[in-house]
Student: 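Got a structure for you, written out below as structure tokens; questions coming shortly.
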Amino acid sequence: MKKLADIYINIPVKTIVHSYTYIIPEQFSFLQAGSRVVVPFGARKMEGFVVKIYPMDEENSDLLKEIVDIIDTESYFTTKIMQTARFMAQFYLCSLGETLRLFIPGKNSIKIRQIYIVKDKNAEISNEEKAVYEYIKANPECDIKQLQAIFKEDAEIIIKSLQKKNIIDSDYAYKNRGKNKYKTYIKINSTVVTTELLAAMTRKKVQKKALEFLGDEKFHSIDELKNNGFSSTIVKALIENNYAVAEEKQIFRDSYDMVRPQELMDIELTDEQKNVMQQISPYIEQGLTKMFLLHGVTGSGKTQIYIEAAVKVLAQGKQALILVPEIVLTGQLVVSLKKVFADDVVVIHSRLTVNERNDAFMRIRTNNVKIIIGARSAIFAPFFNLGLIVMDEEHDASYKQDESPRYHTRDIAVKMAEIYSSVLILGSATPSIESYFAAQNNEYQLLEMPHRIDNKPLPQIRCIDMREELHFGNRHILSRPLAALIEETLQQKQQIIIMLNRRGFSTFVMCRSCGLVMKCPQCGLPLVYHRQNYLQCHHCDIRLPVPDVCPDCQSRYIKFFGSGTEKLEQELTETFPNARTIRLDRDTTGKKMAHQEILQSFKAGRYDILLGTQMVAKGHDIPNVTAVGIISADASLNMPDFRAAERCFGLITQTAGRAGRGDVKGKVIIQSYNPEHYAVLCGIKQDYAAFYKQELYLRKELFYPPYAKLIKLTVQDKVEQSALDKALQLKEKFRKTFKDFSRYQIIGPAPSIIANFRGIYRFNLLVKTVSLADVNAFLRAEKIDIDKAVKIDINPLNTM
DNA sequence: ATTAGCTACGAT
DNA sequence: TCGTAGCTAATT
């Protein structure tokens with residue numbers, strides 16, 4: 001009897017939330033849930049994911065179409081992946097198709113294109129259409145791109161005309177996106193090549209030599225033979241004479257292959273580290289689900305904990321996933337981990353090619369690799385048996401995906417720790433308020449490492465009130481004390497890091513005659529001036545020329561205001577002409593490895609001063625850095641966002657933590673316009689507990705996380721008023737459904753930070769609730785989950 | 001995301 | 001009255 005399959009279509013569209021049912025044809029009767037298939041969908045063919053298989057009910061089967069092809073012979077999505085994807089679809093209010101596609105490299109397994117075929121082979125064709133007709137006849141799988149390349153703009157018109165006359169028809173062709181890479185290996189055929197045979201080989205000298213080389217009966221690659229002086233002709237002869245057998249083996253592309261394992265040093269753990277490991281180990285050994293929050297100050301040796309935990313997991317024969325916020329931070333970790341785990345390490349991040357990613361996933365799926373390092377997308381790898389998830393810098397905003405589905409890696413990691421029965425370690429020097437709160441409430445077990453390794457002191461921090469600097473007539477970016485600290489550090493041949501969290505030269509451009517601020521024509525945000533003489537929108541990245549005169553009043557009095565890293569760089573080179581300065585921000589790290597190279601050469605001592613955006617604050621360990629300057633940690637305090645203080649405190653603590661990692665005590669200077677703000681005060685004292693207490697108090701007062709859960713709803717429409725009206729209606733419905741103001745609140749509608757982007761107007765509603773599930777159900781009941789005019793962001797990082 | 005199908009308006 | 005652009009609804 002035939003079977004049916006419920007299938008989700010691989011389409012990232014929120015209006016399609018349910019599965020579609022197809023007939024499984026006889027030849028594919030082996031299909032299982034979790035397989036990827038090709039199905040007809042509307043007029044097209046699409047990739048689909050089988051989620052359920054059941055016997056066919058004869059009644060309405062004639063309405064159903066058949067699966068046309070399969071992509072996998074065995075199930076691609078494991079049961080555990082299915083569970084994770086189901087959780088995500090439920091939690092983030094999107095379709096299972098949308099979440100499942102995250103688990104395949106490149107989000108599509110096949111590439112589908114429309115092709116044209118000749119239907120009527122003997123048709124009478126007019127002269128102007130003849131060439132196209134003949135081309136399609138001669139090239140059975142040609143698509144619109146090929147035809148356009150030859151017949152230019154005529155192609156489309158003629159195709160339409162031919163289709164209308166029923167002379168040609170369209171169909172869909174598809175091919176696998178990933179290509180496996182193979183290499184030929186050969187092995188001596190010992191049943192044929194006996195010692196007697198070798199002894200009798202007098203004529204084929206080179207072949208004899210080659211066979212002696214292959215004496216160990218193991219597989220050797222053709223490359224290896226070539227490198228040892230045996231040409232491909234010899235290899236061919238060996239195989240033809242049946243002296244050797246050949247085999248194709250899949251090889252895995254690995255862009256980190258050049259990072260070779262170094263000699264392993266035995267590292268003695270500190271008492272703090274030992275204590276932490278004692279708490280973690282039992283859960284790993286017994287394979288239990290357990291969440292830890294590892295709160296360790298900068299330089300306390302959290303990485304060593306990750307390594308030790310991974311060693312323990314490997315001993316259990318399981319895999320360990322180590323997540324870092326950004327690709328660039330993988331570099332250092334890869335080196336540390338390769339020291340210990342050699343080729344058992346694989347790296348995954350979004351800049352890998354689809355093929356590299358495919359290979360990495362294959363190695364993980366087949367348990368060929370045990371340690372997986374990666375940025376947030378690595379959580380979607382097909383783990384064989386996952387025993388440990390580490391999330392380093394768990395507070396970091398890059399763990400949140402900014403486009404649909406807007407997941408937070410931490411939410412998924414917590415769920416996966418349950419599903420895989422594994423240990424989760426969230427590590428940070430400045431944990432997110434939510435995570436620390438969860439630890440206080442025993443949802444996570446708190447592990448504290450308050451001391452630096454070897455009891456190195458935390459840096460000494462001084463705060464400079466920039467308002468006073470201005471009173472003294474200092475209009476520079478650098479305060480006098482910071483300039484003095486730089487001078488002193490340079491003289492001692494030590495290194496300096498300076499952080500200014502804004503790239504570009506000036507932060508806004510204004511006409512001094514009429515006050516017009518140059519804004520992005522697409523999204524309306526102020527444009528930033530860059531020294532290579534262009535204006536750039538830091539939201540949508542478009543570049544515009546600098547106007548000579550004001551577009552409004554024609555005045556030539558256009559001035560640049562505010563300071564970015566480019567201006568800071570200029571000031572530093574002017575003030576310290578002998579210092580070697582290097583800048584690190586998104587503009588200097590365009591190429592794939594540039595970030596790594598800049599840090600490497602700074603670490604190697606080829607530069608004295610490293611300046612840049614928050615990139616300079618993250619994760620690296622450079623012993624000769626003894627001084628750190630923070631120019632604008634408090635700039636974010638002026639933003640109307642409830643997480644502004646948390647971000648400011650984190651930035652100060654993280655950046656200051658770069659200083660004094662070697663033998664000399666570090667010195668840090670913070671320049672501030674809000675020196676009395678608690679985020680700055682606690683940052684200076686490096687006092688997380690005090691900051692947490694103060695922040696928690698405010699969060700409770702204002703009903704923000706961790707006391708409330710947030711949902712941001714963005715209503716968008718081409719007509720401003722329609723968007724606003726719709727938002728107001730939604731707000732009204734919410735108010736009617738949730739009357740308990742102490743438990744359910746809705747704020748807004750407020751224009752989005754990019755209120756008008758490409759002619760679409762946006763308004764935000766912010767829901768604050770004690771129960772995400774309740775509001776979730778409400779949004780489903782109101783069909784907001786399938787309304788393409790409303791974007792839903794569960795646990796948004798910013799509220800604007 | 002695509003596309004088939006329908007409505008409304010303009011040229012013939 | 002036909003043709004086409006623009007919008008909507010449906011995709012098993």
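Just so it is clear: chains get the letters A, B, ... in the order the sequence lines come, proteins before strands, and each one is counted from 1. Just so we're clear, the structure is a prediction, and the values are computed from it rather than from any experiment. All values below come from the heavy atoms of this structure, side chains included, with hydrogens, waters and symmetry mates left out.
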Student: Would you mind telling me which of B:dT3, C:dT12, B:dA1 lies closest to the side-chain atoms of A:Leu64?
Tutor: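 When the side chain of A:Leu64 is considered, C:dT12 is the closest of B:dT3, C:dT12, B:dA1.
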Student: What I want to find out is whether A:Lys2 reaches A:Glu66 closely enough, with some N-O distance under 4.0 Å, to be called a salt bridge.
Tutor: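 Between A:Glu66 and A:Lys2 there is a salt bridge, with a charged N closer than 4.0 Å to a carboxylate O.
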Student: Rounded to whole Å, how long is the line connecting atom CZ of A:Phe41 with atom P of B:dT3?
Tutor: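 The answer, rounded to whole Å, is 12 Å.
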Student: Just to be sure I understand the rule, does A:Tyr22 reach a base, reach only the sugar-phosphate, or reach nothing, if contact means heavy atoms closer than 4.0 Å?
Tutor: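 Sugar-phosphate: the residue A:Tyr22, judged by heavy atoms under 4.0 Å, touches backbone atoms but no base.
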Student: Quickly work out the A:Lys111 NZ to B:dA1 P distance and round it to whole Å.
Tutor: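 A:Lys111 atom NZ is separated from B:dA1 atom P by 16 Å.
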Student: What contact category does A:Ile9 fall into here, base, sugar-phosphate, or nothing, at under 4.0 angstrom with non-hydrogen atoms?
Tutor: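 Since no nucleic acid heavy atom lies under 4.0 Å of A:Ile9, the category is nothing.
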Student: Between atom OH in A:Tyr172 and atom C1' in B:dT2, what is the gap in whole Å?
Tutor: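 For the pair A:Tyr172 OH and B:dT2 C1', the rounded distance is 7 Å.
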Student: Decide side-chain contact (heavy atoms from CB on, under 4.5 Å) for A:Ile389 and A:Phe383; before the verdict, give the C-alpha distance in whole Å, the side-chain angles of both, and the deciding distance to 0.1 Å.
Tutor: CA-CA 11 Å; A:Ile389 307 172; A:Phe383 303 104; over 6 Å; no
Student: Is A:Tyr20 stacked on the base of C:dT12 when the test is centres under 5.5 angstrom and planes under 30 degrees?
Tutor: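 It does not: the two rings, one from A:Tyr20 and one from C:dT12, miss the stacking criterion.
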Student: Measure from the side-chain heavy atoms of A:Thr21 and tell me the nearest of B:dA1, C:dT12, B:dA4.
Tutor: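 Between B:dA1, C:dT12, B:dA4, the one nearest the side chain of A:Thr21 would be C:dT12.
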Student: Once you round it to whole Å, what is the distance between C1' of C:dA9 and CD1 of A:Ile16?
Tutor: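 Going from A:Ile16 (CD1) to C:dA9 (C1'), I get 11 Å.
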Student: Rounded to the nearest Å, what distance is computed from the CG atom of residue A:Asp171 to the P atom of nucleotide B:dT3?
Tutor: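 Nearest whole value for this atom pair: 13 Å.
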Student: Atom OH of A:Tyr174 to atom P of B:dA1: distance rounded to whole Å?
Tutor: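 Roughly 23 Å, once rounded to whole Å.
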Student: Do the side chains of A:Glu418 and A:Lys415 get close enough for a salt bridge, i.e. N-O under 4.0 angstrom?
Tutor: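 The answer is yes: the pair qualifies as a salt bridge.
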Student: Nearest whole angstrom, please: distance from the C1' of B:dT2 to the CD of A:Glu47.
Tutor: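 Between C1' of B:dT2 and CD of A:Glu47: 16 Å.
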Student: Quickly work out the A:Lys788 NZ to C:dA10 P distance and round it to whole Å.
Tutor: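 Rounded to whole Å, this separation is 12 Å.
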Student: Going by an N to O cut-off under 4.0 Å, is there a salt bridge joining A:Lys400 and A:Asp793?
Tutor: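 Yes, A:Lys400 and A:Asp793 are salt-bridged.
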